[in-house]
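Chain naming here is simple, since letters A, B, ... match the order of the sequence lines and numbering starts at 1 in each.
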Number of protein chains: 2
Amino acid sequence: MKKKILISDIARDLGVSVTTVSFILNGKAKEKRISEGLTKRVLDYVQKVGYKPNELAKSLRTGKTKIIGLIIEDISNPFFANIARLIEAKAYSKGYRIIYCSTDNQPEKTIELIQLFRDRHVDGYIITPSEGVKDTIQSLVSSQLPVVLFDRYIPGLNTSYVVSDNIKGAYDATAHLAQQGYKRIALVTLYSSQTQMRDRMDGYMRAIDTYKLQPYVKKVNMGDDEETTISSFSAFLADQEPDAVFFATNYLAIIGLKALKQHRVSMPAVASYDDHTLFKLFTPTITAVSQPIEGIADELINTLLNQLDGNAKENRQVVLPSTLIIRESSRARTSSTGN
Amino acid sequence: MKKKILISDIARDLGVSVTTVSFILNGKAKEKRISEGLTKRVLDYVQKVGYKPNELAKSLRTGKTKIIGLIIEDISNPFFANIARLIEAKAYSKGYRIIYCSTDNQPEKTIELIQLFRDRHVDGYIITPSEGVKDTIQSLVSSQLPVVLFDRYIPGLNTSYVVSDNIKGAYDATAHLAQQGYKRIALVTLYSSQTQMRDRMDGYMRAIDTYKLQPYVKKVNMGDDEETTISSFSAFLADQEPDAVFFATNYLAIIGLKALKQHRVSMPAVASYDDHTLFKLFTPTITAVSQPIEGIADELINTLLNQLDGNAKENRQVVLPSTLIIRESSRARTSSTGN
DNA sequence: CTGAAAGCGCTAACAT
DNA sequence: ATGTTAGCGCTTTCAG
């Protein structure tokens with residue numbers, strides 16, 4: 001149907017040189033002082049025949065693809081999905097396209113994806129680094145490629161990043177539970193030394209210190225199947241009998257809620273880092289630390305575009321505040337429940 | 001850090017021609033009868049210096065990118081997100097990469113994305129078509145590009161597609177509600193003439209016919225903000241007083257549940273097309289028609305790979321069965337509720 | 001078995 | 001102001 005039409009075709013048809021057409025097409029008509037008339041004639045003709053330059057050839061020639069690679073932990077987590085959507089929209093308006101992939105937080109997959117994006121010559125990278133990818137990211141940075149990390153960063157690696165204030169967010173949630181009268185406040189987190197997890201633990205511990213409580217920490221394995229995690233968590237509940245539980249991520253909270261629902265133990269107070277649609281609909285509604293999604297997306301794309309434009313003197317390291325959203329699940333502890 | 005190394009570099013270093021290296025790299029050593037020894041020597045060297053061919057140049061030359069474009073309605077909907085993940089994994093194992101984007105079901109965005117992918121010369125397309133993109137898809141097909149639609153298809157356009165049995169799924173859910181003793185069973189759906197919506201309506205109506213009930217249909221606008229939809233739905237509930245509601249999609253159900261939760265009307269029985277994590281956690285748990293996600297992903301990728309390999313005599317149009325998952329929200333109607 | 005060379009479609013010095 | 005032309009890095013025909 002559509003015969004592929006080339007820049008040389010349109011040059012020939014119009015009796016001008018390809019250079020002229022190329023200049024006009026790339027908005028250099030003014031700069032190269034090409035006549036208004038000709039410019040318009042070319043543009044109109046291009047429009048008419050529906051000429052589209054071969055982006056592959058263009059990229060090969062210029063070394064630019066106008067593509068940003070977005071490598072995130074899990075596209076099916078609403079937190080990441082929403083950030084992805086926002087970034088996509090913002091990048092789009094700046095003439096960049098996004099291609100994204102999920103890592104499932106697996107180092108091998110992350111490394112492979114970064115390699116894939118390198119092969120495809122993406123212009124810049126936005127990454128939620130999993131553990132064990134320090135070298136790979138390092139090599140990106142050393143190759144002068146624009147990179148900005150988010151949700152977590154890599155200690156000892158000087159890159160740009162955008163994260164939320166995990167310490168304060170976790171502190172606020174824990175302190176809130178303490179203020180509501182809960183005494184045995186547990187933290188449910190992952191076996192993970194990633195910065196966001198470490199910081200949430202830190203925030204939790206600081207609040208525990210402030211209120212002179214005892215810590216109860218349950219760690220679970222990211223990779224385990226849901227059944228295993230549920231029963232392990234249930235065992236923890238039975239064993240430690242916390243009267244409040246703070247989940248370090250929304251997917252941990254969801255698994256926890258499943259466990260609570262299944263095992264019909266008496267419901268402790270609950271709070272979670274990261275918000276989720278479910279939290280507004282669960283009975284009771286769930287208190288959560290909400291990250292500033294829009295702000296994170298803004299900072300990410302601005303930081304990256306800055307680097308892409310070459311205006312990046314230094315790396316930007318942004319920490320944005322989270323907000324505690326208080327819902328039913330952290331209602332003040334009733335005396336009847338206590339002793 | 002990494003000096004970009006070219007095929008000519010490795011040819012020079014090894015004292016052979018680029019042709020030889022290229023042949024070896026592309027697995028044509030045997031075919032071209034290049035000595036085992038040389039083949040190994042080249043491969044080892046390539047390995048050692050970490051040579052990576054420039055995929056851009058390769059694509060420009062061969063006209064193949066080994067990339068599949070995945071254009072879906074909404075990556076933040078778990079149904080689509082999960083399918084995307086499965087497709088990604090399967091494509092990956094066949095040497096294809098996936099790049100995906102969301103359309104928000106907007107025709108303009110869909111058309112733009114298809115154009116973008118065309119510009120990037122993706123080898124094949126998997127698309128959830130929004131309304132009003134018939135011509136664009138047509139032009140893809142006419143240009144002999146491998147395309148397979150899913151979740152819905154475009155009537156009057158002969159393409160491959162993979163959908164679930166929407167009529168039967170909706171029929172089953174509605175019939176189930178009827179069998180449980182509900183009399184005023186409402187359907188909540190979108191203003192949309194897309195095939196999946198039309199078919200779900202159809203299935204609902206057939207069940208209504210079978211059980212000699214009256215239909216109650218509420219249509220809402222996809223584009224409206226949540227508030228508007230909630231109040232419009234609440235008005236419908238107050239006005240029509242259905243004793244059971246069947247939602248045509250999971251996001252409609254979620255909005256509906258929010259409305260029910262907010263307005264504290266007496267809870268009707270509820271069922272939804274498409275499952276969702278939330279449905280297992282809501283109180284009551286929500287009955288849902290679950291689509292065979294794995295099966296859909298399998299069929300999609302197989303159909304597309306078939307076309308990519310050129311073994312596609314004809315278009316494949318696959319309809320997969322859905323499964324009704326009965327949960328608490330459709331418990332038999334109690335006499336106390338009735339009259 | 002291996003090498004020379006012609007492009008894939010485009011951009012941008014360089015020349016005019 | 002516009003045309004000529006040399007590549008970007010790779011694959012692949014055609015000759016040895």
Side-chain angles (χ1 to χ4, degrees), chain A residues 2-43 45-46 49-67 95 118-123, chain B residues 2-43 45-46 49-67 95 118-123:
Chain A
K2 266 180 195 163
K3 187 89 216 78
K4 202 57 193 166
I5 148 164
L6 310 178
I7 196 172
S8 54
D9 293 333
I10 97 119
R12 178 176 27 68
D13 293 357
L14 257 41
V16 298
S17 84
V18 292
T19 313
T20 309
V21 178
S22 174
F23 282 152
I24 292 174
L25 254 28
N26 290 294
K28 295 189 181 151
K30 287 252 117 67
E31 183 184 328
K32 299 292 177 182
R33 306 200 299 187
I34 293 168
S35 73
E36 290 260 322
L38 180 56
T39 301
K40 183 163 172 8
R41 201 153 65 87
V42 169
L43 255 21
Y45 188 71
V46 161
V49 300
Y51 164 77
K52 293 278 175 188
N54 182 325
E55 297 291 338
L56 247 29
K58 210 163 158 170
S59 296
L60 177 59
R61 186 58 235 238
T62 61
K64 302 256 147 276
T65 52
K66 286 292 191 177
I67 291 182
R118 264 189 109 136
D119 289 350
R120 298 292 168 189
H121 295 245
V122 306
D123 289 347
Chain B
K2 265 182 196 163
K3 187 86 217 83
K4 202 57 195 167
I5 147 162
L6 310 179
I7 195 170
S8 52
D9 293 332
I10 96 121
R12 177 175 28 69
D13 293 356
L14 258 39
V16 299
S17 83
V18 293
T19 313
T20 308
V21 178
S22 174
F23 282 152
I24 293 174
L25 254 28
N26 291 294
K28 295 187 181 153
K30 287 253 116 67
E31 182 183 329
K32 299 293 177 181
R33 305 200 299 186
I34 292 167
S35 72
E36 290 261 322
L38 181 54
T39 302
K40 181 160 173 10
R41 202 154 64 88
V42 169
L43 256 20
Y45 190 71
V46 160
V49 300
Y51 164 77
K52 293 277 176 188
N54 181 325
E55 296 292 336
L56 247 29
K58 212 163 157 171
S59 294
L60 177 59
R61 185 58 234 243
T62 61
K64 303 258 148 273
T65 53
K66 287 291 193 176
I67 291 182
R118 264 188 109 136
D119 288 351
R120 298 294 168 185
H121 294 244
V122 306
D123 289 348

*Asks:* Quick one, give me the B/S/- string for nucleotides 9-16 of chain C, reading 5' to 3', where B means a protein heavy atom under 4.0 Å from the base and S means that only happens at the primed atoms, P, OP1 or OP2.
*Replies:* BBBBB---
*Asks:* Between atom CD1 in B:Ile10 and atom P in D:dG9, what is the gap in whole Å?
*Replies:* 16 Å
*Asks:* Would you name the heavy atoms of B:Leu60 and A:Ala57 that are closest together and state the gap between them?
*Replies:*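 Scanning both residues completely, I find the closest heavy atoms to be CD1-CB, 3.8 Å.
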*Asks:* Could you give the side-chain donor-acceptor pairs of residues 16-23 of chain A under 3.5 Å, partners two or more places apart or in another chain?
*Replies:*
| from | atom 1 | to | atom 2 | distance (Å) |
| --- | --- | --- | --- | --- |
| A:Ser17 | OG | A:Thr19 | N | 3.2 |
| A:Ser17 | OG | A:Thr20 | N | 3.3 |
| A:Ser17 | OG | A:Thr20 | OG1 | 3.1 |
| A:Ser22 | OG | A:Asn26 | ND2 | 3.4 |

*Asks:* Under the side-chain contact (heavy atoms from CB on, under 4.5 Å) rule, what do B:Tyr51 and B:Leu25 come out as? Steps first, then yes or no, please.
*Replies:* CA-CA 11 Å; B:Tyr51 164 77; B:Leu25 254 28; 3.6 Å; yes
*Asks:* To the nearest Å, how far apart are A:Ile34 CD1 and D:dT2 C1'?
*Replies:*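 Answer to the nearest Å: 7 Å.
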*Asks:* Let me know the distance between CZ of B:Arg12 and P of C:dT2, rounded to the nearest Å.
*Replies:* 19 Å
*Asks:* Please list all pairs passing the salt bridge (charged side-chain N to carboxylate O under 4.0 Å, His left out) test where one or both residues lie in residues 54-63 of chain B, with sequence neighbours left out.
*Replies:*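 Sorted pair list comes back empty.
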*Asks:* Quick one: A:Arg41 CZ to D:dA1 P, roughly how many Å, whole number?
*Replies:* 16 Å
*Asks:* So B:Gly37, base contact, sugar-phosphate only, or nothing? Heavy-atom distance under 4.0 Å.
*Replies:* nothing
*Asks:* Taking side chain to side chain contact (heavy atoms under 4.5 Å, CB included) as the test, write out the residues that go with A:Lys40, two or more places apart.
*Replies:* A:Asp44
*Asks:* Starting at atom CD of B:Glu31, determine the distance to atom C1' of C:dT2, rounded to an integer number of angstrom.
*Replies:*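 Going from CD in B:Glu31 over to C1' in C:dT2 covers 15 Å.
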*Asks:* Does C:dT2 have its OP1 or OP2 closer than 4.0 Å to a side-chain nitrogen or oxygen of B:Ser17?
*Replies:*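 So the side chain of B:Ser17 is outside the cut-off, no N or O lying under 4.0 Å from OP1 or OP2 of C:dT2.
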*Asks:* Taking all heavy atoms of B:Asn54 and all of B:Leu56, pick out the closest pair and write down the distance.
*Replies:* OD1-N, 2.8 Å
*Asks:* State which residues pass salt bridge (Lys or Arg N to Asp or Glu O under 4.0 Å) with A:Glu31; sequence neighbours excluded, sorted by chain then number.
*Replies:*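 Salt bridge (Lys or Arg N to Asp or Glu O under 4.0 Å) list for A:Glu31, sorted by chain: empty.
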*Asks:* Starting from the first five and the last five pairs of the helix from C:dC1-D:dG16 to C:dA15-D:dT2, work out the angle between the resulting helix axes, to 10 degrees.
*Replies:* 50°
*Asks:* Contact class for B:Ser59 (heavy atom, under 4.0 Å): base, sugar-phosphate, or nothing?
*Replies:*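 No contact at all - B:Ser59 keeps every heavy atom at 4.0 Å or more from the nucleic acid.
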*Asks:* Would you say a side-chain N or O of A:Thr20 is under 4.0 Å from OP1 or OP2 of D:dT2?
*Replies:*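 Indeed not, no polar side-chain atom of A:Thr20 lies that close.
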*Asks:* Between B:Ile24 (CD1) and C:dG3 (C1'), how many Å, whole number?
*Replies:* 13 Å
*Asks:* Show your working on side-chain contact (heavy atoms from CB on, under 4.5 Å) between A:Ile67 and A:Asp123 and close with a plain yes or no.
*Replies:* CA-CA 6 Å; A:Ile67 291 182; A:Asp123 289 347; 6.0 Å; no
*Asks:* Can you name the closest pair of heavy atoms from B:Asp119 and B:His121 and give their distance?
*Replies:*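 So the minimum-distance heavy-atom pair works out to O-CD2, 2.9 Å.
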